[in-house]
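Here is the structure we will look at.
Note that these values count all heavy atoms, side chains included, but never hydrogens, waters or copies made by symmetry.
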Amino acid sequence: MEKDQLQLARQFVSELLSGTELPTSEDDPCPYLPGSMSSSQGFQLEGDMDGAIYRALMDNGFRRSGRVFYRPTCSDCGKCIPIRIPTESFQHTRSMRRVRRKNAEIKARFGDGQPSDEKHSLFQRYIDFQHDNTMSGDRESFERFLYDSPVPGCEICYYLQDRLVGLSWLDALPGALSSVYMCFDPTCSSRSLGTYSILWEIDYCRLQGIAYYYLGYYIPGSKTMEYKGRFRPAEILDGTGAWRKLD
């Protein structure tokens with residue numbers, strides 16, 4: 001049933017993309033690779049989208065931010081590479097096992113999927129620490145970015161005793177979980193909670209029989225996006241539209 005659903009979604013998306021000219025943005029400075037320019041093509045969706053359709057879009061290089069679906073079209077780069085983890089074959093490295101031991105006290109719980117003052121406060125502190133005012137942290141932007149979603153999703157709350165120290169938003173798709181965003185308490189930066197959340201979520205996928213964990217774009221040479229290549233074995237989407245093993 002799931003395979004049939006995905007096959008129909010892939011056929012629909014293939015026909016949509018071949019018959020539709022999507023708008024392309026103007027070149028802007030790249031937020032990931034200083035000195036480079038970036039552009040993208042995409043669309044904004046007002047209604048809801050079936051999870052299988054979004055997975056088929058991701059298999060064509062798309063990601064979403066809120067209700068905007070986009071894929072890079074940078075003319076002189078091509079370094080934004082979609083990456084996913086086949087969860088059954090994933091292997092922990094020695095450093096990843098250390099991260100797990102360091103966070104043995106952390107408890108992960110599914111959230112209620114609703115914004116709150118506590119969640120917004122955590123998000124605000126994180127982006128002030130991590131993004132140097134390059135992202136808006138006001139309540140309206142927070143809710144629009146992470147809670148006004150057109151696809152099915154969930155959130156994982158990470159607690160140290162009774163204190164919320166990490167929060168992860170995920171899209172729940174047929175045969176896959178897709179990481180949307182993760183934030184953590186800056187006072188816990190030494191715990192590597194970003195890495196820990198990925199490990200916990202991959203383990204959850206394995207327990208639930210979910211085949212793939214999508215991590216967004218892997219960008220070699222980017223200080224903030226290159227880390228995704230540490231999770232192996234991994235698959236990347238090549239220029240032919242096929243997933244192949246990341247060497």
Just how far is it from atom [atom1] of [X] to atom [atom2] of [Y], taken to the nearest 0.5 Å?
{"X": "Ile156", "Y": "Ser197", "atom1": "CD1", "atom2": "OG", "result": "9.5 Å"}
{"X": "Ser121", "Y": "Arg139", "atom1": "OG", "atom2": "CZ", "result": "10.5 Å"}
{"X": "Gln11", "Y": "Leu6", "atom1": "CD", "atom2": "CG", "result": "13.0 Å"}
{"X": "Glu201", "Y": "Leu170", "atom1": "CD", "atom2": "CG", "result": "4.5 Å"}
{"X": "Leu146", "Y": "Glu155", "atom1": "CG", "atom2": "CD", "result": "9.5 Å"}
{"X": "Leu237", "Y": "Cys80", "atom1": "CG", "atom2": "SG", "result": "12.5 Å"}

Show the nearest heavy-atom pair for residues [X] and [Y], with the distance to one decimal.
{"X": "Cys205", "Y": "Thr87", "answer": "CB-CG2, 3.6 Å"}
{"X": "Cys188", "Y": "Val165", "answer": "SG-CG1, 3.9 Å"}
{"X": "Thr24", "Y": "Gln41", "answer": "OG1-CB, 3.7 Å"}
{"X": "Tyr204", "Y": "Leu177", "answer": "CD2-CD1, 3.9 Å"}
{"X": "Ala52", "Y": "Ala9", "answer": "O-CB, 3.3 Å"}
{"X": "Met182", "Y": "Leu193", "answer": "CE-O, 3.7 Å"}

Salt-bridged, Lys119 to Asp112, with N to O below 4.0 Å? yes
Run the salt-bridge test on Arg55 and Asp171 with the 4.0 Å N-O cut-off and return the result as yes or no.
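Salt bridge flag = no for Asp171 with Arg55.
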Using the rule that two of Ile, Leu, Val, Met, Phe, Trp, Tyr join whenever any of their side-chain heavy atoms come within less than 4.5 Å, decide whether [X] and [Y] are in one cluster.
{"X": "Leu57", "Y": "Trp243", "answer": "yes"}
{"X": "Leu173", "Y": "Ile198", "answer": "no"}
{"X": "Tyr213", "Y": "Val151", "answer": "no"}
{"X": "Leu22", "Y": "Phe12", "answer": "yes"}
{"X": "Phe123", "Y": "Tyr159", "answer": "yes"}

Please check if the side chain of [X] supplies one atom and the backbone of [Y] the other of a donor-acceptor pair under 3.5 Å.
{"X": "Ser65", "Y": "Val68", "value": "no"}
{"X": "Lys228", "Y": "Tyr217", "value": "yes"}
{"X": "Arg64", "Y": "Gln44", "value": "no"}

Taking the inter-plane angle between the rings of [X] and [Y] on a 0 to 90° scale, is it parallel (under 30°), tilted (30 to 60°) or perpendicular (over 60°)?
{"X": "Trp169", "Y": "Tyr147", "value": "perpendicular"}
{"X": "Phe145", "Y": "Tyr181", "value": "perpendicular"}
{"X": "His120", "Y": "Phe142", "value": "tilted"}
{"X": "His92", "Y": "Phe90", "value": "perpendicular"}

For the residue pair [Y] / [X], report whether a side-chain donor-acceptor contact shorter than 3.5 Å exists.
{"X": "Arg125", "Y": "Thr187", "result": "no"}
{"X": "Asp59", "Y": "Tyr214", "result": "yes"}
{"X": "Arg230", "Y": "Thr195", "result": "yes"}
{"X": "Ser178", "Y": "Arg63", "result": "yes"}

* Asked: Just wondering, do Leu45 and Tyr54 contact through their side chains at under 4.5 Å, heavy atoms?
  -> no
Applying salt bridge (Lys or Arg N to Asp or Glu O under 4.0 Å) to Asp27 and not counting sequence neighbours gives none
Here's one to test your reading of the geometry: is the NZ or CZ of Arg191 within 45 degrees of the ring axis of Tyr196 and under 6.0 Å from its centre?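 No, Arg191 does not lie over the aromatic ring of Tyr196.
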